[in-house]
Amino acid sequence: MTGMADRAGWTPFEQAVGRVLDDLEPGDVVTYGEVAAEAGFPGAARAVGSMLGRRTDAELPWWRVVAANGRLLAGHEARQAELLHQDGIPVSDGRIGLGGSEGR
DNA sequence: CCCCTGACTAGAA
DNA sequence: TTTCTAGCCAGGG
């Protein structure tokens with residue numbers, strides 16, 4: 001295998017988003033708006049989230065995607081926090097980054 | 001074809 | 001600080 005997922009049947013939007021997520025590297029985090037803009041669909045942040053929620057079974061690094069306010073995914077906060085932590089990204093109180101010692 | 005929902009964002013109150 | 005509104009794209013009924 002060439003290391004690629006079965007993107008057959010994916011819409012241009014999904015393929016574009018999947019490519020952006022796949023282009024990310026360990027330790028990197030982006031927001032829905034960033035992914036949408038990089039994919040060529042600025043403002044389609046909702047479509048990105050909606051798609052990821054529907055393609056959760058895919059090998060897309062959904063955990064590297066967070067909300068614009070730095071908030072993690074509702075219903076997957078602990079899950080994403082753990083995955084982000086494995087990528088070397090500090091998470092505190094359901095939020096990313098900030099150094100970890102700013103004390104709320 | 002029409003209407004609503006959704007792992008969203010930015011701005012205003 | 002929180003809450004609400006308008007805008008954006010895709011999918012399902």
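Naming: A, B, ... by sequence-line order, numbering from 1 per chain.
Within the 4.5 Å cutoff, the side chain of A:Leu84 has heavy atoms near those of the A:Leu72 side chain.
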* To do: Check the pair A:Val65, A:Tyr32 against side chain to side chain contact (heavy atoms under 4.5 Å, CB included), reporting the backbone distance first and the verdict last.
  => CA-CA 6 Å; A:Val65 184; A:Tyr32 293 96; 3.7 Å; yes
* To do: Please assess A:His76 against A:Trp62 for the test side chain to side chain contact (heavy atoms under 4.5 Å, CB included), listing each intermediate value before the final yes or no.
  => CA-CA 10 Å; A:His76 298 262; A:Trp62 60 269; 4.1 Å; yes
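More than 12 heavy atoms of other residues, nucleotides or ligands shown are found within 6.0 angstrom of CD on A:Gln15. A 6.0 Å sphere centred on CZ of A:Arg19 holds no more than 12 heavy atoms belonging to other residues, nucleotides or ligands.
Judged by distance alone, the side chains of A:Glu14 and A:Thr11 do bring a donor and an acceptor atom under 3.5 Å apart.
Of the residues in residues 21-33 of chain A, not one places a heavy atom less than 4.0 Å from an atom of DNA chain C.
Of all nucleotides in DNA chain B, those with any atom nearer than 4.0 Å to a heavy atom of chain A start and finish, going 5' to 3', at B:dG6 to B:dA10.
Judged by distance alone, with hydrogens and angles left aside, the side-chain atoms of A:Glu38 form no donor-acceptor pair with the main-chain N or O of A:Val20 at under 3.5 Å. Under a 3.5 Å cut-off, the side chain of A:Arg95 and the backbone N or O of A:Asn69 do form a donor-acceptor pair. Side-chain atoms of A:Gln80 do not come within 3.5 Å of backbone N or O of A:Gly94 as any donor-acceptor pair.
Residues A:Val48 and A:Ala36 come closest through the heavy atom pair CG2-CB, 3.8 Å.
Among the atoms of the strands shown, none is found under 4.0 Å from any heavy atom of A:Ala74.
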Kindly give the atom pairs (protein nitrogen or oxygen, nucleotide nitrogen or oxygen) under 3.5 Å for nucleotides 8-13 of chain C.
{"residue": "C:dC8", "atom": "N3", "partner": "A:Arg46", "partner atom": "NH1", "Å": "3.4"}

